[in-house]
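Comments concern the structure below.
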Amino acid sequence: MNRIRLFFLPLLALLFCSCHPGSRYIYDEPISQYINDESVLKWEDDIRVFDSLNVVEPSGRETILVTGSSSVRLWDSIQSDLAPYQVMQRGYGGATMSDFNYYAERIIKPHDFKAILVFVANDITGGEYDRTPVELFLLYKTLVKKTRKRNPDTPLFWIEITPTPSRWSVWPEVAEANRMIREYCSKHPDLHFIPTSESFFDNQGQPDSLFFRQDMLHLNRTGYVLWSDLIVKALKVAGIEPSS
């Protein structure tokens, strides 16, 4: 009897996670299941802008896609900061991994890329419907699967979720999710983890406000300069060189 209970308890836990309103898109389920999900569909207008840009914005095997949440969207100096790399920028609002996975084929699939960089940092914020580190890790694995449909051999980089003063209370959970993703990447040669967190701490081991805007969440100019340095370094370590 005990063996039976031990077998079924994990299955019940997974079932609960997949049904909980704050735990959507843990697995690669049919998109139609979420067609009325307002938390996902509220980004439709933003993604339609990407659809239009995909028609007119040139890209090719020398282009690096940088995509994800608002820290990517607000990066106004991305082209110069990452030069001489050729960059396509696709960031929107308060993206979470649920809605990003929902729209991934429209964001990523229309193009072939030299590399794909993803930064999504809104799944663990201290809110009511936060993911657990395990849920976020599973969502990351779903993203890998979706990305590989069109870009099977393209290096995929996960930019580590940054420690921020405004979300410092949930940093242990965020750090654990980062750790699991980093460990998973280390086992797959086409997956890469860009470590950033240590560079954003001050001498007391706290997020350094020097790098953040007044909201203590989004990067300021100093923060973006540091971010770009870390990203470029990681690209070169992975053998991704700018076009000549």
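Note: hydrogens, waters and symmetry copies are ignored here, and every other heavy atom, side chains too, is used. Note that the coordinates shown come from a computational prediction; the quantities given were computed from them, not determined experimentally.
- Between the side chain of D123 and the main chain of T96, no donor-acceptor pair closer than 3.5 Å is present.
- Although no hydrogens or angles enter the test, the distance criterion places a donor-acceptor pair under 3.5 Å between the side chain of S80 and the main chain of S77.
- Looking at T147 and T154, their side chains never come closer than 4.5 Å, going by heavy atoms from C-beta outward.
- Between D81 and R221 there is a salt bridge, since a side-chain N of the basic residue sits under 4.0 Å from a carboxylate O of the acidic one.
- Relative orientation of the Y140 and F137 rings is parallel, given thresholds of 30° and 60° on the angle between their planes.
- The aromatic ring centres of W43 and Y103 sit 6.0 Å or more apart.
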Please report the C-alpha distance between Y92 and D99 in whole Å, then the side-chain angles of each, then the deciding distance to 0.1 Å, and finally whether the side chain to side chain contact (heavy atoms under 4.5 Å, CB included) criterion is met.
CA-CA 11 Å; Y92 67 94; D99 46 77; 2.6 Å; yes
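- From R179, atom CZ reaches atom OG of S197 across 13.5 Å, with rounding to the nearest 0.5 Å.
- Of all the heavy atoms in G68 and A95, the pair that sits closest is O-CB, 4.1 Å.
- With R213 contributing its side chain and L219 its backbone, the two residues share a donor-acceptor pair below 3.5 Å.
- Of all non-hydrogen atoms in K114 and S243, the two that sit nearest each other are NZ-N, 3.9 Å.
- Contact between S71 and H218 at its shortest, heavy atoms only, is OG-CD2, 4.1 Å.
- Residue I64 is grouped with residue L230 when hydrophobic side chains (ILVMFWY) are merged at heavy-atom distances under 4.5 angstrom, including chains of intermediate members.
- Looking only at side-chain heavy atoms (C-beta outward), H192 and I240 stay at 4.5 Å or farther from each other.
- Once rounded to the nearest 0.5 Å, the distance linking CE of M97 with CD of E135 reads 12.5 Å.
- Closest of all the heavy-atom pairs between A121 and I161 is CB-CG2, 3.7 Å.
- Using a 4.5 Å heavy-atom threshold, the side chains of N178 and V174 count as touching.
- No salt bridge links D46 with R73; every basic N to acidic carboxylate O contact stays at or beyond 4.0 Å.
- Ring centers of W227 and F119: under 6.0 Å apart, within the cut-off.
- Under the 4.5 Å side-chain heavy-atom criterion for ILVMFWY residues, no single connected hydrophobic cluster contains both V225 and L74.
- Linking ILVMFWY side-chain heavy atoms closer than 4.5 Å, directly or via other members, places L235 and L82 in a single hydrophobic cluster.
- The line from CG of L217 to OG of S70 is 6.5 Å long, rounded to the nearest 0.5 Å.
- In this structure, E160 and P195 approach most closely via the heavy-atom pair OE1-CA, 3.4 Å.
- Ring orientation note: the planes of Y184 and H188 are tilted relative to one another, at an angle of 30° to 60°.
- Using a 4.0 Å cut-off between a side-chain N of Lys or Arg and a carboxylate O of Asp or Glu, E173 and R167 do not qualify as a salt bridge.
- Atom CD in E57 sits 7.5 Å away from atom CG in N54 (nearest 0.5 Å).
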Applying side chain to side chain contact (heavy atoms under 4.5 Å, CB included), run through M216 and T164 and close with a yes or a no.
CA-CA 6 Å; M216 291 293 118; T164 65; over 6 Å; no
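- Residues I108 and K146 are not in side-chain contact: their nearest non-hydrogen atoms beyond the backbone lie 4.5 Å or more apart.
- The line from CG of L136 to NZ of K141 is 13.0 Å long, rounded to the nearest 0.5 Å.
- Residues V232 and K236 form a side-chain contact, since some pair of their non-hydrogen atoms from C-beta on lies under 4.5 Å apart.
- R90 has its side chain within reach of L53: a pair of non-hydrogen atoms, C-beta onward, lies under 4.5 Å apart.
- Of the possible donor and acceptor atoms, one in the side chain of N220 sits under 3.5 Å from a partner among the backbone N and O of F212.
- No continuous path of ILVMFWY side-chain contacts below 4.5 Å connects L156 to I194, so the two sit in separate hydrophobic clusters.
- Counting all heavy atoms, side chain and backbone alike, F157 lies closest to P155 at CE1-CB, 3.7 Å.
- In this pair, F211 and F200 present their aromatic rings perpendicular. The plane angle is above 60°, beyond the 30 to 60° band.
- The line from CD1 of I47 to CZ of R106 is 6.5 Å long, rounded to the nearest 0.5 Å.
- A single hydrophobic cluster is seen to contain both V87 and L117, as judged by linkage of ILVMFWY side chains at heavy-atom distances under 4.5 Å, directly or through other members.
- Under the 4.5 Å side-chain criterion, counting only non-hydrogen atoms from C-beta, Q206 is not in contact with P165.
- A parallel orientation is assigned to the rings of W75 and Y224, their planes being inclined by less than 30° (bins at 30° and 60°).
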If you apply the rule side chain to side chain contact (heavy atoms under 4.5 Å, CB included), what do you find for V66 with Q89, and how did you get there?
CA-CA 5 Å; V66 183; Q89 182 182 19; 5.7 Å; no
